[in-house]
**Q** 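Got a structure here, written out as structure tokens. Questions coming.
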There are 2 protein chains.
Amino acid sequence: MPQVSIKDIARMLNISVATVSRALHDRYDVKPETKQKVLELAEQLNYRPSSHAIGLLKKRTHTIGLVVPEIDNQFFSEIINGLENVAYQQGYNVMIFQSQNIYEREVKIIDQLIGARVDGVAISIGSSTQDFKHLNMLKDLDIPLAMFDRANDQVYGHKIINDNFEGGYKAGEFLIKSGRQRIAHIAGPSTLKLTRLRMQGFKAALRDAQMELRPEYLVHTTFRMEDSHQTALDLLNLPEPPDAIFAVSDYVALGVLKAARELDLKIPRDLALIGFTNLAVGPLLEPPLTTISQQSYEMGQETARILLENIESPEKDFKLQTRIFKPELVIRSSV
Amino acid sequence: MPQVSIKDIARMLNISVATVSRALHDRYDVKPETKQKVLELAEQLNYRPSSHAIGLLKKRTHTIGLVVPEIDNQFFSEIINGLENVAYQQGYNVMIFQSQNIYEREVKIIDQLIGARVDGVAISIGSSTQDFKHLNMLKDLDIPLAMFDRANDQVYGHKIINDNFEGGYKAGEFLIKSGRQRIAHIAGPSTLKLTRLRMQGFKAALRDAQMELRPEYLVHTTFRMEDSHQTALDLLNLPEPPDAIFAVSDYVALGVLKAARELDLKIPRDLALIGFTNLAVGPLLEPPLTTISQQSYEMGQETARILLENIESPEKDFKLQTRIFKPELVIRSSV
DNA sequence: AAAATGTATGTAAACGTTTACGGAACTTTT
DNA sequence: AAAAGTTCCGTAAACGTTTACATACATTTT
């Protein structure tokens with residue numbers, strides 16, 4: 001049998017839908033006997049209220065939309081966990097979507113979230129997104145927006161990000177202190193702000209140590225392993241290869257690791273390597289990966305907190321928040 | 001300004017909602033001029049149709065609910081990707097939820113999915129779930145159900161699983177062939193069928209080789225790293241420790257790897273190790289992990305295909321399908 | 001005995017959208 | 001000039017739920 005509605009129950013018991021609704025909500029003004037009958041029948045017929053009907057009737061859906069570039073990435077899945085846990089505790093559901101870094105998908109997802117009348121949106125902007133109309137539209141519609149990890153200044157929304165400049169600086173500084181001379185950086189997609197900041201921090205560290213960065217030691221890649229692996233191979237096959245690499249993320253560092261192994265380079269003897277993110281597999285690699293940690297779970301929690309505070313605030317012009325997490329050096333054995 | 005509806009547009013243009021609706025759907029029977037005006041205003045006001053209203057009106061929501069134990073697990077996130085891609089291609093959306101292996105959460109999620117009137121449900125059952133009423137309820141409500149990876153015979157639904165017995169057998173066989181004598185197995189939670197099957201396959205391999213399995217060489221753990229790590233330590237600290245371990249999953253193998261490193265055991269010299277899943281990090285570990293591969297992405301695709309076929313089939317009693325994937329031995333260097 | 005209060009229920013509108021049906025104002029055909 | 005057809009648009013019902021308001025009866029208070 002198909003799904004039953006409150007109407008079906010009313011018809012079967014020969015009472016009005018209003019009474020059924022009241023009984024199901026355990027209101028004071030319904031006879032215990034009637035209440036009993038309603039609850040029993042509802043249970044027996046597996047009645048579940050239609051979230052569409054309720055969403056239509058009430059202003060609030062108690063749902064927040066979450067958009068990540070990709071889900072099969074530890075960093076993002078940990079953020080999801082942090083965000084979900086806080087949201088659940090406050091009685092909110094989370095709808096998760098992945099943009100796959102494809103601009104058109106991102107736009108479509110936002111349209112969908114608006115259509116679903118979510119109470120708020122949390123997003124980590126995809127790397128191919130250059131136009132932010134779809135995100136700024138949310139402001140016009142009074143839907144609070146929080147950007148985590150990948151934020152953009154042209155977008156009106158809260159920001160929960162890392163101090164990427166400082167992270168880049170710390171990485172560069174540590175490689176310099178460890179005595180390396182030919183330090184390279186594999187940066188991320190140049191469209192992303194975090195790419196630029198980590199790079200700038202890294203460059204600043206070199207500058208402060210009066211070291212120069214050779215142009216051929218600065219290369220870009222995507223976060224996909226095949227790309228970073230190839231990029232690393234190219235870098236290590238230079239006539240004068242680097243003796244240290246700062247990878248824009250641990251995923252990219254994995255590509256370097258693979259390349260180094262193929263070229264029979266010993267880490268850290270022949271090549272020092274430092275990543276960024278602090279993935280859970282880091283300590284299990286050989287050698288355990290030195291990296292800059294991002295507190296992904298906490299970032300997810302904080303994103304949820306800020307977003308929910310905005311959603312539940314009665315004030316029309318809730319102030320935009322920016323929360324900056326301090327990256328920390330995690331010393332293991334790859335440097 | 002808040003979200004606009006078709007009614008708002010109708011009022012502003014002094015026409016009926018029916019005409020607006022027709023214009024937005026590009027129907028033949030509306031004057032081009034009117035159509036033009038409607039489309040322009042809709043665009044300007046960022047109109048997006050309410051999925052709640054549509055969901056309420058139509059029988060179908062073109063949405064499928066996806067429930068995984070945890071999202072921060074490569075295996076599941078790859079399944080999600082496979083499933084989502086097939087679903088999107090056929091015009092379906094996917095709502096992702098995680099049960100965290102908590103029974104109560106799983107029940108709540110199913111309730112929610114019923115409330116959201118999804119067209120179908122795909123689930124990998126949580127390890128603490130012993131009662132399956134919530135899942136069998138779906139059949140009563142005519143909502144197709146597909147179980148992937150973790151299925152249960154007491155539940156009415158399609159199954160997309162691995163031949164776990166064969167996988168276990170292959171793992172055992174390979175360790176035996178490699179000349180190991182004291183072979184141990186770290187099994188998963190005993191509630192899961194896949195745990196039992198992999199164990200049985202493993203035992204069968206030993207039996208076929210006339211080898212006996214010492215009771216202390218068979219231990220259980222969860223898929224959480226801290227647990228498997230401790231379990232591995234206990235196992236390796238036995239008076240007579242094993243010289244080979246078959247871990248029920250790559251995640252568990254990571255725990256073993258960590259323990260072995262702490263005890264200064266060289267793999268594969270002192271200890272042979274084989275996992276199950278074939279995670280993407282496997283080849284990057286030291287040593288690269290030998291494992292039994294599960295085709296996660298393909299399993300996700302197949303789950304979507306079977307579920308969608310069921311959803312779109314006009315027949316009331318669509319036949320239950322079972323798709324069994326053959327696990328394959330992936331030889332690297334840990335054995 | 002009339003008035004006031006309490007208890008249990010029903011009526012109806014609203015949320016946003018689609019669509020079958022009907023009809024007015026044309027244009028074309030006889 | 002009547003009949004038939006075309007073009008464009010409006011009316012209203014339906015989906016499932018909540019809730020303000022009304023109502024009917026019973027009980028208590030004056």
Side-chain angles (χ1 to χ4, degrees), chain A residues 1-39 41-42 45-63 111-119 141, chain B residues 1-39 41-42 45-63 111-119 141:
Chain A
M1 66 220 102
Q3 251 115 312
V4 286
S5 76
I6 226 175
K7 284 189 184 177
D8 299 317
I9 296 180
R11 204 177 311 118
M12 288 173 169
L13 294 177
N14 246 314
I15 56 179
S16 74
V17 291
T19 304
V20 176
S21 175
R22 278 186 285 247
L24 291 170
H25 286 275
D26 203 19
R27 288 282 151 73
Y28 67 98
D29 55 352
V30 45
K31 193 159 49 170
E33 200 185 307
T34 315
K35 195 180 289 183
Q36 173 81 359
K37 277 196 290 188
V38 170
L39 291 178
L41 190 58
L45 297 177
N46 292 323
Y47 168 78
R48 294 293 179 283
S50 157
S51 57
H52 292 126
I54 296 175
L56 196 53
L57 192 61
K58 311 233 171 166
K59 314 290 172 189
R60 307 277 304 283
T61 54
H62 282 268
T63 299
D111 282 351
Q112 248 184 79
L113 292 176
I114 296 173
R117 304 296 189 259
V118 294
D119 294 336
L141 299 172
Chain B
M1 65 220 103
Q3 250 114 312
V4 286
S5 76
I6 226 174
K7 284 188 183 178
D8 299 317
I9 295 179
R11 204 177 312 118
M12 288 173 169
L13 294 176
N14 246 313
I15 55 179
S16 75
V17 291
T19 303
V20 176
S21 175
R22 278 187 286 247
L24 291 170
H25 286 275
D26 203 18
R27 287 282 150 73
Y28 66 97
D29 56 353
V30 43
K31 195 161 49 170
E33 199 185 309
T34 316
K35 195 180 290 184
Q36 172 82 357
K37 276 197 289 187
V38 171
L39 292 178
L41 190 58
L45 297 177
N46 292 323
Y47 167 78
R48 296 291 180 284
S50 157
S51 57
H52 292 127
I54 296 174
L56 197 54
L57 193 61
K58 311 234 172 165
K59 314 289 174 189
R60 309 277 304 283
T61 53
H62 282 268
T63 299
D111 283 351
Q112 248 184 80
L113 292 176
I114 297 173
R117 305 294 191 258
V118 293
D119 294 336
L141 299 172

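Just so you know, these numbers come straight off a predicted model, no measurement behind them. Labels below follow one simple rule: chain letters A, B, ... track the order of the sequence lines, proteins then strands, and each chain is numbered from 1.
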**Q** Please state how far atom NZ in K31(B) lies from atom P in dG10(D), giving the value in whole angstrom units.
**A** 10 Å

**Q** Identify the heavy atoms of L39(B) and L24(B) that sit nearest to each other, and give their distance.
**A** CD2-CD2, 4.0 Å

**Q** Check whether any side-chain heavy atom of R48(B) sits under 4.5 Å from a side-chain heavy atom of L141(A), and report yes or no.
**A** no

**Q** Of all the heavy-atom pairs spanning A10(B) and S16(B), show the shortest one and how long it is.
**A** CB-C, 3.8 Å

**Q** To the nearest Å, how far apart are L13(A) CG and dA8(C) P?
**A** 17 Å

**Q** For H25(A), check ring pair (Phe, Tyr, Trp, His ring centres under 6.0 Å) against everything at least two apart and list the hits.
**A** none

**Q** Going by heavy atoms in the side chains, are T19(B) and V30(B) under 4.5 Å from each other?
**A** yes

**Q** Looking at R117(A) and S50(B), what are the two nearest heavy atoms and their distance?
**A** NH2-CB, 3.7 Å

**Q** So if I take the C1' atoms of five pairs at each end of the helix from dA1(C)-dT30(D) to dT30(C)-dA1(D) and get each local axis, what angle do the two axes make, rounded to 10 degrees?
**A** 70°

**Q** What integer distance in Å separates D29(B):CG from dA24(C):P?
**A** 18 Å

**Q** Measuring only between side-chain heavy atoms, which start at C-beta, is L13(B) closer than 4.5 Å to L41(B)?
**A** yes

**Q** In whole Å, what is the span from the NZ atom of K37(B) to the C1' atom of dC8(D)?
**A** 13 Å

**Q** When you measure from the side chain of T61(A) to the backbone N and O of G55(A), does any donor-acceptor pair fall under 3.5 Å?
**A** no

**Q** What string of B, S and - do you get for nucleotides 14-21 of chain D, 5' to 3', if B is base contact, S is sugar-phosphate-only contact and - is no contact with any protein heavy atom under 4.0 Å?
**A** BBBBBBB-

